[in-house]
Amino acid sequence: GYDLNENTPDFISKAVNGESGTDIFLDMTDELVLASYKPINMQGLDWVIVSQIDIAEAIDVSSDTMRNLTIISLAVAGVIVAVFGWIIASQIAKPMLTIASSAESYAVGDIDLESLNGSSLEKTLKRKDEIGVTARAFQNLSEYFREMIDAAEEIANHDLTVEVSPKSEFDKLGFAFQKMVADLRQTVSDVLSNANILKDTSEGLAEGSAQSDRALNQISTTMQDMAQGSQNQTVAIGETTRSVDQMNSAVASVSRGTE
């Protein structure tokens, strides 16, 4: 057996008394130790198992363990950060770059986004999160600009039958296109109206000119007739004068005969 006395460490006394556990105690040299104890019974014999280690040594071991755990934790944290970085880069950064590239394409007039990778754009559009919402908003913007461009091309091709419908009360571009088409239609209508007036005026002037020509022809004919009449009258007067002269000669002859 084990003789217990006042110098017996507490952990041994507790083990002998049937207790078990782990705690910090003073050993027989009054040094602090970390001790574990447990009573056991083997073949009818009562035994106790005791394990102890100096606190200073335990702390050193704990420090090494903590250092190793810290290194392992940092390594694991680094791996986790790298994984999360890759996830963020593939799931957030790349789609955002796609959207930014879309904005840059719009800025240089590439409304159809032909300069972008089609597959990455499609993947971004199919997303269900805020990035997908933003990408679809850009797609709607692209469709809006495409409609405005189609309308502008129709107008440039002299087709004023195109109809432009503003998307909302805030659609300043849509209202501007609508007003431009209406103004162009009015301008063309005014030009056609003025052209018709000019045509009618020209036709009136042409008719007046023709009438003037006819009047001038009539005046010319009348003057020619008058000239011809005057000539005839002159001939008649000459003949009358000769007749009078002949009569005077005859009278004079008769007078001389009478004398």
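Since the structure is predicted, the reported quantities are computational estimates derived from the model, not experimental observations.
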In chain order, what residues pass the side chain to side chain contact (heavy atoms under 4.5 Å, CB included) check against [X], with sequence neighbours excluded?
X	result
I149	I111, R146, E153
D159	E154, T161
T201	I197, L205
L26	L32

Fill in: E169: side-chain hydrogen bond (donor to acceptor under 3.5 Å, both in side chains) partners, not counting sequence neighbours
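Applying side-chain hydrogen bond (donor to acceptor under 3.5 Å, both in side chains) to E169 gives none.
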Discussion item. So, using side-chain hydrogen bond (donor to acceptor under 3.5 Å, both in side chains) as the criterion, who are the partners of T22 when residues are at least two apart?
Written reply: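 Partners of T22 by the side-chain hydrogen bond (donor to acceptor under 3.5 Å, both in side chains) criterion, ordered by chain and then number, come out as S36.
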Mind checking what makes salt bridge (Lys or Arg N to Asp or Glu O under 4.0 Å) contact with [X], not counting sequence neighbours?
X	result
E104	none
D190	none
K38	none
R136	none

Validation row: [X], [Y] side chains within 4.5 angstrom (heavy atoms):
X	Y	answer
M148	V164	yes
I155	L184	yes
P166	Q178	yes

Item to complete: Can you establish whether the number of heavy atoms outside Y144 located under 6.0 Å from its atom OH is more than 12?
Response: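 Buried by this count: over 12 neighbours within 6.0 Å.
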Worksheet item: If you look only at pairs with a residue in residues 174-184, which of them pass as a salt bridge (charged side-chain N to carboxylate O under 4.0 Å, His left out), with sequence neighbours excluded?
Response: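 Residue pairs with at least one partner in residues 174-184: K179-D183.
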Worksheet entry | Set of residues satisfying ring-ring contact (aromatic ring centres under 6.0 Å, His included) with respect to F25, sequence neighbours excluded |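 Per chain and number, F25 pairs via ring-ring contact (aromatic ring centres under 6.0 Å, His included) with F11, Y37.
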Fill in: side-chain contact (heavy atoms from CB on, under 4.5 Å) between I24 and V33, intermediate numbers included
CA-CA 6 Å; I24 296 175; V33 296; over 6 Å; no
Worksheet entry | V162 reachable from F177 in the ILVMFWY side-chain graph, under 4.5 Å edges |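 Looking at the clustering, V162 is in the same group as F177.
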Practice prompt. Answer yes or no: is there a donor N or O on one side and an acceptor on the other, between the side chain of S193 and the main chain of S189, under 3.5 Å?
Written response: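 Side chain of S193 to backbone of S189, a donor-acceptor pair under 3.5 Å: no, none is there.
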Fill in: Residues E147, K167; criterion side-chain contact (heavy atoms from CB on, under 4.5 Å); working and verdict
CA-CA 11 Å; E147 290 181 9; K167 302 298 182 182; 2.7 Å; yes
